[in-house]
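All remarks here apply to the structure that follows.
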Amino acid sequence: MNNPPQFTPMNKYLSGEIRKVLISLKLDESLKVDEVQPKVEVPAAESHGDYSTNIAMVLSRKINKNPLEFAEELKMLLLQSDLKYVNTIEVVKPGFINFYLNTDWLYELCEYVLASGTKNVAKKDIGKNTKIQIEFVSANPTGPLHVGNGWWAAYGDSLARLLKRCGYNVVKEYYVNDTGGQIRVLGESILAAKNNLEAPENGYRGDYIDELAKDYRGPEDIYSAGKWAAELILENIKLTLLKMNVEFDSWYSQNYIEQGGATAETLEELSKLGLIYESDGATYLASEKLGDSRDRVLIKSNGDITYTFGDIAYHRDKFLKRKFDKVIDVFGADHHGQVATLKAAVKAFGIDETNLEIQIGQMISLVGAKMSKRSGNFVKLEDFLNEVGVDATRLMPLMNSIDQATVLDIDLVKSTSMENPVYYMQYAYARICSIEKRAKLLKDVISCNDEINLHLLSNYREISLLKVISEFEDVVLDAADSRKPHKITAWTKQLASSFHSFYHDCKVLDESEIELTRARLSLVKATKITLAVSLEILGVTLPEHM
RNA sequence: GCCUCCGUAGCUCAGCCGGACAGAGCAGCUGACUUCUAAUCAGUUGGUCGCAGGUUCGAAUCCUGCCGGGGGCGCCA
């Protein structure tokens with residue numbers, strides 16, 4: 001097996017060189033230079049160089065030096081240390097050190113991307129095969145998925161793809177709430193509709209209930225009806241998710257948790273820990289002392305177990321039975337209240353609570369109304385997919401941070417769906433495919449055995465495009481680490497933009513400039529590789545023509 | 001009342017583990033199609049980063065307090 005190609009990102013390279021210089025200075029020991037990792041970034045303004053560091057200002061305070069003078073000192077030492085790629089170093093007003101580079105590193109980067117291909121580019125093993133579970137959607141099987149569910153489906157699935165890319169062993173799970181009160185209510189709603197009665201209070205209503213009721217042939221028993229309907233609805237949910245390119249690895253049953261011994265075992269363990277007490281005929285978990293805002297009822301006075309209890313047993317199952325190292329739950333903001341309880345429970349089981357990560361997504365609502373299955377006021381994800389398109393639907397939730405609440409104006413979304421950035425990104429891909437297709441026709445003219453001279457890529461557009469590509473790995477790591485796939489979207493838009501500009505200014509296929517053509521084809525290929533990987537993470541398809 | 005998310009250009013939002021003149025898309029205005037696909041490109045108008053303090057050489061970014069909006073504070077799930 002060949003080792004994957006290596007390439008040290010420029011910021012890491014410079015940071016390492018600066019660090020060497022700092023260590024050689026033998027500064028005050030209290031500074032612990034070993035721990036200092038100088039931050040080297042691409043400055044916002046091009047007039048501030050290709051890369052820049054604020055290390056002189058950060059350290060000057062601690063060592064009691066004038067930041068400008070210290071920066072100058074570092075600059076001199078850096079110049080003596082024979083840096084690769086660096087043309088000039090400048091020190092600017094408050095104490096920034098700016099680096100101006102030649103473009104050799106960009107050609108090396110390009111070669112690295114080409115050698116890596118889609119399989120290895122931006123594949124960083126920070127996960128070290130950590131077993132991580134992501135639970136998302138987990139919508140009750142009491143009705144079809146609505147648009148809000150679709151948002152978490154896109155988010156969770158892309159987060160999973162991102163973490164896989166970074167070397168995590170990821171399992172995507174959907175917790176199926178196939179028991180309890182809502183299944184009973186679902187059964188009641190079905191039977192009521194079948195017998196042409198009013199839907200029960202707090203019951204489910206809508207066309208899908210009427211249609212299910214029409215087909216129901218089982219006994220007039222609410223549990224039978226509820227269970228039957230939930231199974232059919234779940235099948236429908238699976239199909240809708242597949243249509244959206246979301247495939248779960250695991251469907252885990254609440255009924256299994258509650259009936260399969262998990263709750264009994266959990267209760268026993270919590271009892272042993274002295275965290276259980278009775279009050280008013282109910283069984284309580286003393287979760288307040290573990291950081292919850294109050295104690296929680298696990299078993300109601302009528303003997304039924306609460307949803308919370310099932311959820312606690314479920315999370316115990318995740319960590320202790322199935323041995324996940326890390327669990328990420330993706331919840332809507334309306335479930336925010338569960339966080340403290342679950343964290344408390346996990347702590348009780350002796351698990352580091354930071355291994356339970358709960359991502360709270362703010363609410364997705366319709367103009368003027370909340371989405372709710374019980375009220376029948378919601379837009380079906382299925383319909384949304386059909387009208388807006390799968391790729392646009394898939395990308396929309398990945399454009400913003402999940403901390404941002406979203407109010408959807410369905411008519412506006414429909415009328416502007418063609419403006420969705422997804423087409424902009426895909427169009428870049430289609431253009432690349434088109435170029436490559438034509439390049440094949442010119443094969444005889446273009447091909448030769450000489451090495452490709454990437455140094456011919458010197459145009460401003462070419463350099464800019466290479467610079468965007470150079471940031472891909474960092475973006476992937478940052479997005480995975482911060483659990484923010486929308487950062488991939490932002491970068492991909494930038495890549496597409498840079499490519500479109502390049503496409504406009506630089507004719508790739510030019511029979512009178514064979515060498516340049518070959519160099520540009522390499523750049524196009526590198527763009528294609530990174531674009532393909534980023535779109536794949538976003539769960540968007542790669543059209544070869546549009 | 002307590003917890004939590006948000007408040008940045010006309011609109012939708014990036015940026016938020018501190019950095020150099022605050023960014024993008026849409027909308028508006030101007031210009032580019034006998035071209036490797038114009039689903040594109042180039043240019044341009046537009047902002048006291050909710051308000052007030054504080055920390056800092058430096059704050060949209062961190063801290064505190066207000067104001068405004070969303071969500072949550074069940075023996076519902």
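Lettering follows sequence order; numbering is per chain, from 1. All values derive from a computational prediction rather than experimental measurement.
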Could you go through A/Tyr314 and A/Tyr175, starting from their C-alpha distance and side-chain angles, then the distance that decides it, and tell me whether this counts as ring pair (Phe, Tyr, Trp, His ring centres under 6.0 Å)?
CA-CA 9 Å; A/Tyr314 173 47; A/Tyr175 185 46; 3.8 Å; yes
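In this structure, the CG atom of A/Leu366 is 16 Å from the C1' atom of B/G71, given to the nearest Å. Taking atom CD1 of A/Ile55 as the reference point, atom C1' of B/A20 lies 17 Å away to the nearest angstrom. As a whole-Å value, the separation of A/Glu258 CD from B/A77 C1' is 11 Å. Atom-to-atom, CG of A/Asn202 to P of B/G74 comes out at 17 Å; the value is rounded to the nearest Å. Going from atom CD1 of A/Ile312 over to atom P of B/A77 covers 13 Å, rounded to whole Å. Remark: P of B/G25 and CG of A/Leu412 are 18 Å apart, rounded to the nearest angstrom. Taking atom CZ of residue A/Arg294 and atom C1' of nucleotide B/G74, one finds them 7 Å apart after rounding to whole Å. Note: NE2 (A/His335) to C1' (B/C73) measures 14 Å, nearest angstrom.
Shown here are the side chain to side chain donor-acceptor pair (under 3.5 Å) partners of A/Ser287, two or more places apart in sequence or in another chain: A/Asp292. Looking at residues two or more places apart in sequence or on another chain, you find a side chain to side chain donor-acceptor pair (under 3.5 Å) between A/Glu46 and A/Tyr460. Among residues two or more places apart in sequence or in another chain, the ring pair (Phe, Tyr, Trp, His ring centres under 6.0 Å) test is passed with A/Tyr423 by none.
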Can you give one letter per nucleotide of nucleotides 1-17 of chain B, going 5' to 3': B for a protein heavy atom under 4.0 Å from the base, S for sugar-phosphate only, - for none?
---SSS------SSS--
Reading nucleotides 31-40 of chain B from 5' to 3' and marking B where a protein heavy atom lies under 4.0 Å of the base, S where only the sugar-phosphate is that close, and - otherwise, the string is ----SBBSBS
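Nucleotides B/U61 and B/C6 have their C1' atoms positioned 15 Å apart, rounded to a whole Å. B/C41 and B/G25 are spaced 16 Å apart, taking the C1' atom of each and rounding to whole Å. One C1' atom belongs to B/G65, the other to B/U55, and the distance between them is 15 Å to the nearest Å. Rounded to a whole angstrom, the distance from the P atom of B/G43 to that of B/A24 is 11 Å. When the C1' atom is used for both B/C62 and B/C49, the distance is 16 Å, rounded to whole Å. Distance check on atom P: B/G50 versus B/G15 gives 15 Å, rounded to whole Å. Taking the P atoms as reference points, B/A32 lies 50 Å from B/G71, given to the whole Å. Remark: the separation of the C1' atoms in B/C2 and B/U44 is 50 Å, to the nearest Å.
Checking A/Lys39 against A/Val297, the closest nucleotide of RNA chain B that is more toward the 5' end is the one next to A/Lys39. Comparing A/Ile97 and A/Thr308 against RNA chain B, the residue whose closest nucleotide sits nearer the 5' end is A/Ile97.
Taking the six-membered ring wherever Trp is involved, the centroid distance between the rings of A/His500 and A/Tyr427 falls below 6.0 Å. Note: A/Tyr51 and A/Phe99 fail the aromatic proximity criterion, with ring centroids not under 6.0 Å apart. Ring centers of A/Tyr252 and A/Tyr174: at least 6.0 Å apart, outside the cut-off.
Comparing atom distances between the A/Gln182 side chain and each of B/C75, B/A77, B/G71 picks out B/A77 as nearest.
Both distances falling under 3.5 Å, in either a Watson-Crick or a G-U wobble arrangement, occur for no nucleotide opposite B/G18. A 3.5 Å limit on both hydrogen-bonding distances identifies no Watson-Crick or G-U partner for B/G47. Across all strands shown, B/U34 remains unpaired; no Watson-Crick or G-U wobble contact has both distances below 3.5 Å. Nucleotide B/G23 forms a Watson-Crick or G-U wobble pair with B/C13, both donor-acceptor distances falling under 3.5 Å. In this structure, B/U64 and B/A52 make a Watson-Crick or G-U wobble pair, each of the two defining distances being under 3.5 angstrom.
Nucleic acid contact for A/Gln338: base, since at least one base atom lies under 4.0 Å from a heavy atom of the residue. Using a 4.0 Å heavy-atom criterion, one finds that A/Asp510 contacts no nucleic acid atom at all. Counting non-hydrogen atoms under 4.0 angstrom, A/Ala45 reaches a base of the nucleic acid. In this structure, A/Gly180 reaches neither bases nor backbone, as no heavy-atom distance under 4.0 Å exists between it and the strands shown. Contacts of A/Asp409 with the nucleic acid, taken as non-hydrogen atoms under 4.0 Å apart, are absent. Residue A/Ser279 is in base contact, counting any heavy-atom pair closer than 4.0 Å across all strands shown. Counting any heavy atom pair closer than 4.0 Å across all strands shown, A/Arg461 reaches sugar-phosphate atoms only and no base atom. At a threshold of 4.0 angstrom between heavy atoms, the contacts of A/Lys437 with the nucleic acid are absent. Within 4.0 Å of A/Pro43, counting heavy atoms only, lies at least one base atom of the nucleic acid.
In this structure, A/Asp478 CG and A/Glu471 CD are separated by 11.0 Å, a value rounded to the nearest 0.5 Å. Atoms CZ and CD, on A/Arg294 and A/Glu288 in that order, are 9.0 Å from each other to the nearest 0.5 Å.
In summary, A/Asp474 and A/Lys487 do not engage in a salt bridge, as defined by a charged side-chain N under 4.0 Å from a carboxylate O. Ionic pairing of A/Lys528 and A/Glu436 is present here: one or more N-O contacts between side-chain nitrogen and carboxylate oxygen are shorter than 4.0 angstrom. Using a 4.0 Å cut-off between charged nitrogen and carboxylate oxygen, A/Lys507 and A/Glu513 do not count as a salt-bridge pair.
Annotation: cation-pi pair A/Arg461/A/Phe502 absent, no NZ/CZ under 6.0 Å from the ring centroid and within 45° of its normal.
For the side chain to side chain contact (heavy atoms under 4.5 Å, CB included) with A/Leu285, the qualifying choice from A/Leu290, A/Ile312, A/Thr308 is A/Ile312, the only one to do so.
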Atom pairs, protein N/O to nucleotides 56-58 of chain B N/O, distance under 3.5 Å:
| from | atom 1 | to | atom 2 | distance (Å) |
| --- | --- | --- | --- | --- |
| B/C57 | N4 | A/Arg61 | NH2 | 2.6 |
| B/G58 | O6 | A/Arg61 | NH2 | 3.4 |

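Look at A/Arg184 and you won't find any side-chain N or O under 4.0 angstrom from OP1 or OP2 of B/C76.
Under the 3.5 Å distance criterion, with hydrogens and angles disregarded, no donor-acceptor pair is assigned to the side chains of A/Gln362 and A/Asp403.
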